[in-house]
Number of protein chains: 2
Amino acid sequence: MLNMCSMHADLTARAVIRDRALELFAARGPDGVSVRAVAAAAGVSPALVIHHFGSKDGLRAAVDDHVAAAFDGLLGEAPDAASLAETMLRELPAGSPAYLRRLLLSGDPAGTAIFRRWYEVTRSATQAMIAAGTMTEGRDPVVRAAFLMVNDLVLLLVRDQLAEVLGVDPLGAEGMARWAGEALTVYREGIFR
Amino acid sequence: MLNMCSMHADLTARAVIRDRALELFAARGPDGVSVRAVAAAAGVSPALVIHHFGSKDGLRAAVDDHVAAAFDGLLGEAPDAASLAETMLRELPAGSPAYLRRLLLSGDPAGTAIFRRWYEVTRSATQAMIAAGTMTEGRDPVVRAAFLMVNDLVLLLVRDQLAEVLGVDPLGAEGMARWAGEALTVYREGIFR
DNA sequence: CATCCGGCTGAACGTTTGTTTAGCATGCTG
DNA sequence: CAGCATGCTAAACAAACGTTCAGCCGGATG
């Protein structure tokens, strides 16, 4: 599959501003990036940013929607929910995972909606596996689905810290293999003797 | 154990400023809180904040150190590493858990240091359990310890979103029981049939 | 050709920011 | 009592902020 970036490169000034804002917001947060910085990165005047999005908050909302739409598109075609975090990192345009991280942690309703959708996909996947007889239901299937979901999500949230402590990027090739291997071992055999 | 708040209530203006800054920074982030807002919350003039901490960044650093010290104190006396997240929420002064969350996610060196210390405590605890024969070692003990650690840490990071989706605070009384129960079930029996 | 309209800019606006400065009060010390 | 450090404030500072406004430019339309 192609990256969203190259699918249909939107070169209108509006789209360029939105994409540059996405990258800057993802890196430093909306509060840490001025309208002037976004305009400079997009090669336009600060006034044009306001002209297209009404206000800085309008721009932020537009980026929110853009990222949420990309995430929804990913959820729709994801065959299995083994590691959504890793899939996101592979398929989403540059900066989106970091922006998604910020959205999920900001408490913004848009982030909460994404969280809920992610959970529902996980819940459906576990229910399917339970129905197929490959997974046990457990005493609290609702909590179990959330437990499995956040165990994957957390890789997106503390990726850098894990990379620093483990000495290997948990979402890189080697790290992913080790992490998934150990997670599957725990899920298969438990950890107690 | 007493709360750090009541252990030795420091009523100097410097301490009051620091504590109010902690709460405000935890809620809105350092960038979202002005020196004037901190000063108003502490009932002093903005100039006094600068007088005591040199600059806003100095204040932020002082709060970082204060929270990191409280966390270290907690790590030192924590008997088991069953759920450090829950222990933190119970023992730390108001706002500290939220501030710690922000610190861990900000990429700040202080946050990375805390993350590393948390990991080392978890690693030691798992090694002790392995030595005691109550836990299996697994193929990748280093990754396994990290896996177990972030599975607990994530409760602190996405507590609000989980509460919204599950309808119960995962770090409250009922939610904690359900969450810990399901986690232990997974760790005991795995999830596959 | 004249007109008009949307994309776009440069300059300015008022506000808020972090920080500085000069000076006031208070209490200890000689 | 004089002197002096300390804790603290009011006022002002320059810089950066989000936003507004008047107007330029180029291509489509009459």
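In what follows, chains carry the letters A, B, and so on, assigned in the order in which the sequence lines appear, proteins first and then strands, with residues in each chain numbered from 1.
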Measure from the side chain of [X], starting at C-beta and using heavy atoms only, and say which of [options] lies closest.
X	options	value
A/S55	C/dT9, C/dT20, D/dT19	D/dT19
A/A47	D/dT20, C/dG18, D/dA10	D/dT20
A/V35	C/dG18, D/dC8, D/dT19	D/dT19
B/V44	D/dT19, D/dT9, C/dT19	D/dT9

Rounded interatomic separation in angstrom, taking [atom1] from [X] and [atom2] from [N]:
X	N	atom1	atom2	value
B/I50	C/dT20	CD1	C1'	10 Å
A/H52	D/dG18	NE2	P	18 Å
B/K56	C/dT20	NZ	P	15 Å
B/D57	C/dT17	CG	C1'	15 Å
A/L48	C/dT9	CG	C1'	9 Å
A/D31	C/dT17	CG	P	12 Å

- Say whether A/R144 and A/T136, considering side chains only, have a donor N or O and an acceptor N or O under 3.5 Å apart.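 The criterion, which ignores hydrogens and geometry beyond distance, is satisfied for A/T136 and A/R144.
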Quiz item: Closest nucleotide of DNA chain C for B/P30 versus for A/R36: which of these residues is on the 5' side?
Solution: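 Upstream on the strand: A/R36.
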Heavy-atom closest pair, residues B/A183 and A/F147: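 For B/A183 versus A/F147, the nearest heavy atoms are CB-CE1, 3.8 Å.
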- Message: Tell me whether the side-chain N/O atoms of B/H51 come closer than 4.0 Å to OP1 or OP2 in C/dT20.
- Response: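 It does not, given that no N or O in the side chain of B/H51 lies less than 4.0 Å from OP1 or OP2 of C/dT20.
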- Message: Is it the case that the side chain of A/S96 and the backbone of A/L92 share a donor-acceptor pair, with hydrogens and angles ignored and the cut-off at 3.5 Å?
- Response: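 Such a contact is absent between A/S96 side chain and A/L92 backbone.
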Quickly, which of A/D31, A/D65, A/D108 forms a salt bridge (Lys or Arg N to Asp or Glu O under 4.0 Å) with A/R60? Name it, please.
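Exactly one candidate clears the test, A/D108.
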Margin query: Classify A/S34 by what it touches in the nucleic acid, base, sugar-phosphate, or nothing, heavy-atom distance under 4.0 Å.
Written below: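 The residue A/S34 makes sugar-phosphate contact but no base contact.
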